[in-house]
Amino acid sequence: MSPTEQQPWEWDEPTWRRHVGRVRAGRPLLSGHLPDRWPGGARCAVAVSFDSDHETPSLRDGETSPGKLAQGEYGARVAVPKILRLLDRHRVPASFYMPAVCALLRPEEARNYVAAGHEVALHGWIHERNTLLSAADERELQLRSADALERVTGTRPVGIRTPSWDFSDNTLDIIREMGLLYDSSLMADDEPYELLADGEATGVVEIPVEWIRDDAPYFMMDRFASLRPYIAPRDVLRVWQDEFDAAYAEGGLFQLTLHPHIIGHRSRLTVLDELLGYIAGREGVWYATHQQLAEHCLSDRPPHPA
């Protein structure tokens, strides 16, 4: 912060209101009451997703040592095939958020997702930190990423999860310019909602994430930093079961975010297997990709309030 910039406690009311109001949660997008809320009279919705980052977080930071890159390579080489078999066995569709560099490194992986009935969506070019980019650079990278995923998979992505789950001042404008159906990066609700831009309804669906329902906070490891796994996989299973049980009781959404290079190790993949089996034990669960969920949320509502 330069000496001429105001400190946050020096902002006048219009300034802090402008920051708060830039991107906000709008109307809830779950229409109706049970049993009409979800397709087929389902009790709740389950949306499983994977951020197939592989080597890109290391590459983004200029960490090119073979040891560091091998951690990401494990996700593509070992974990993804196991994950695809597991999803097939449980008959669960998923959304895979794939940096374009990963899709270009391994086009068959991206095509295999689509062939298995899963969604491939945007997750940046090289897992860049979009909040550090200029508006022009962020826009160019997102357009380039969408073009790359379309070339590889044959389908243009309709949704985005920003790398590191954050918005710059320009992200929502770029999402709207690209005509994307939904975002899945923010955390203002348990259930899907419409994004507002400076108080204006955008028609963009937000499918909220949460660190509680993400494998990275529990299992990340970096020997040169303070990141250490701090909870046993089966204890995480109980957290996620509780999250699902509450969503089921409320007739809402259970959304889960995983990373192949993190969840794909044996003891952790066992937990995912058990979680999906646990969910399958309940009647009336609608499994959906994030795209299908967004389409359902807008299916009987206009993009903007009448």
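Heads up: numbering here begins at 1 and tracks the sequence.
By the 4.0 Å N-to-carboxylate-O rule, Arg22 lies close enough to Asp173 to be salt-bridged with it. A salt bridge does not link Asp183 with Arg176: none of the charged nitrogens is closer than 4.0 Å to a carboxylate oxygen. One finds no salt bridge joining Arg37 and Glu191 here, because no Lys/Arg side-chain nitrogen approaches an Asp/Glu carboxylate oxygen to under 4.0 Å.
Using a 4.5 Å cut-off on side-chain heavy atoms (C-beta onward), Leu180 and Val204 make no contact. Glu194 places none of its side-chain heavy atoms less than 4.5 Å from the side chain of Glu206. When side chains are defined from C-beta on, Arg43 does not count as touching Arg282, because their heavy atoms never get closer than 4.5 Å.
In this model, a donor atom of one side chain and an acceptor atom of the other lie less than 3.5 Å apart for Gln291 and Glu295. Of the N and O atoms on the side chains of Ser164 and Asp166, not one donor lies less than 3.5 Å from an acceptor on the other residue. Ser267 and Thr270 share no donor-acceptor pair across their side chains, judged by distance under 3.5 Å alone.
For Arg234, the CZ atom is loosely surrounded, since the number of other residues' heavy atoms within 6.0 Å does not exceed 12. The environment of Arg111 atom CZ is dense: over 12 non-hydrogen atoms of other residues, nucleotides or ligands sit within 6.0 angstrom. For CD of Glu10, the number of neighbouring non-hydrogen atoms (other residues, nucleotides, ligands) closer than 6.0 Å is greater than 12. Around the CZ atom of Arg91, the shell of radius 6.0 Å holds no more than 12 heavy atoms that belong to other residues, nucleotides or ligands.
When hydrophobic residues (I, L, V, M, F, W, Y) are linked wherever their side-chain heavy atoms come within less than 4.5 Å, the members clustered with Val101 are Leu59, Leu69, Leu104, Leu105, Trp125, Ile126, Leu133, Leu141, Val152.
Heavy-atom minimum distance, Trp38 versus Leu253: CZ2-N, 4.2 Å. Across all non-hydrogen atoms, the minimal contact from Ala121 to Pro157 is CA-CB, 4.0 Å. Contact between Pro208 and Gln255 at its shortest, heavy atoms only, is O-OE1, 3.6 Å. Annotation for Ile207 and Ser184: closest pair O-OG, 2.8 Å, computed over non-hydrogen atoms. Scanning all heavy atoms of the two residues, the minimum distance from Gly124 to Pro163 falls at CA-CG, 3.8 Å. The nearest pair of heavy atoms linking Ala100 to Leu149 is CA-CD2, 4.5 Å.
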query: Going through the distances and angles, do Leu186 and Leu195 end up as a side-chain contact (heavy atoms from CB on, under 4.5 Å)?
result: CA-CA 10 Å; Leu186 304 179; Leu195 288 177; 3.8 Å; yes
- prompt: Can Asp137 and Arg144 be said to form a salt bridge (Lys or Arg N to Asp or Glu O under 4.0 Å), step by step?
  reply: CA-CA 10 Å; Asp137 285 345; Arg144 191 201 305 175; over 6 Å; no
task: Under the side-chain contact (heavy atoms from CB on, under 4.5 Å) rule, what do Phe254 and Ile279 come out as? Steps first, then yes or no, please.
output: CA-CA 10 Å; Phe254 173 71; Ile279 292 171; 4.0 Å; yes
field: Worked verdict on Tyr97 versus His290 for ring pair (Phe, Tyr, Trp, His ring centres under 6.0 Å)
entry: CA-CA 10 Å; Tyr97 297 88; His290 286 50; 5.7 Å; yes
message: Evaluate Cys297 against Tyr182 for side-chain contact (heavy atoms from CB on, under 4.5 Å), listing each step before the verdict.
response: CA-CA 10 Å; Cys297 287; Tyr182 76 88; over 6 Å; no
message: Test salt bridge (Lys or Arg N to Asp or Glu O under 4.0 Å) on Lys68 and Asp222; report intermediate values, then the result.
response: CA-CA 10 Å; Lys68 192 72 174 178; Asp222 188 331; 3.5 Å; yes
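By the rule that hydrophobic residues join a cluster once side-chain heavy atoms approach within less than 4.5 Å of another member, Met220 and Tyr230 end up as members of one cluster. No continuous path of ILVMFWY side-chain contacts below 4.5 Å connects Val209 to Phe96, so the two sit in separate hydrophobic clusters. Following chains of ILVMFWY side-chain contacts shorter than 4.5 Å, one cannot reach Met98 starting from Trp165, and the two form parts of different hydrophobic clusters. In this structure, Leu276 is a member of the same hydrophobic cluster as Val239, with clusters built from ILVMFWY side-chain heavy atoms closer than 4.5 Å. Note on Trp211 and Leu258: separate hydrophobic clusters, where clusters join Ile, Leu, Val, Met, Phe, Trp and Tyr whose side-chain heavy atoms are under 4.5 Å apart, directly or indirectly.
Each of Arg89, Arg268, Arg85 was compared with Asp273 under the salt bridge (charged side-chain N to carboxylate O under 4.0 Å, His left out) criterion, and only Arg89 meets it. No option in His123, His261, Arg60 other than His123 meets the side-chain hydrogen bond (donor to acceptor under 3.5 Å, both in side chains) test with Asp53. Residue His54 forms a side-chain hydrogen bond (donor to acceptor under 3.5 Å, both in side chains) with just one option from Glu109, Arg77, Arg106, and that option is Glu109. Residue Phe50 is tested with Leu84, Thr257, Leu87, Asp215 for a side chain to side chain contact (heavy atoms under 4.5 Å, CB included); the sole match is Leu87.
Remark: Arg24 CZ to Leu196 CG distance equals 9.0 Å, nearest 0.5 Å.
Note on residues 145-161: pairs passing salt bridge (charged side-chain N to carboxylate O under 4.0 Å, His left out), not counting sequence neighbours, are Asp51-Arg161, Asp147-Arg156, Glu150-Arg156. A salt bridge (charged side-chain N to carboxylate O under 4.0 Å, His left out) check over residues 113-132, counting only residues at least two apart or in different chains, returns the pairs Asp61-Arg129.
With hydrogens and angles disregarded, no donor-acceptor distance shorter than 3.5 Å links the side chain of Thr289 to the backbone of Ala94.
For an aromatic pair to be called close, the ring centres must be under 6.0 Å apart, and His265 with Tyr74 satisfies this.
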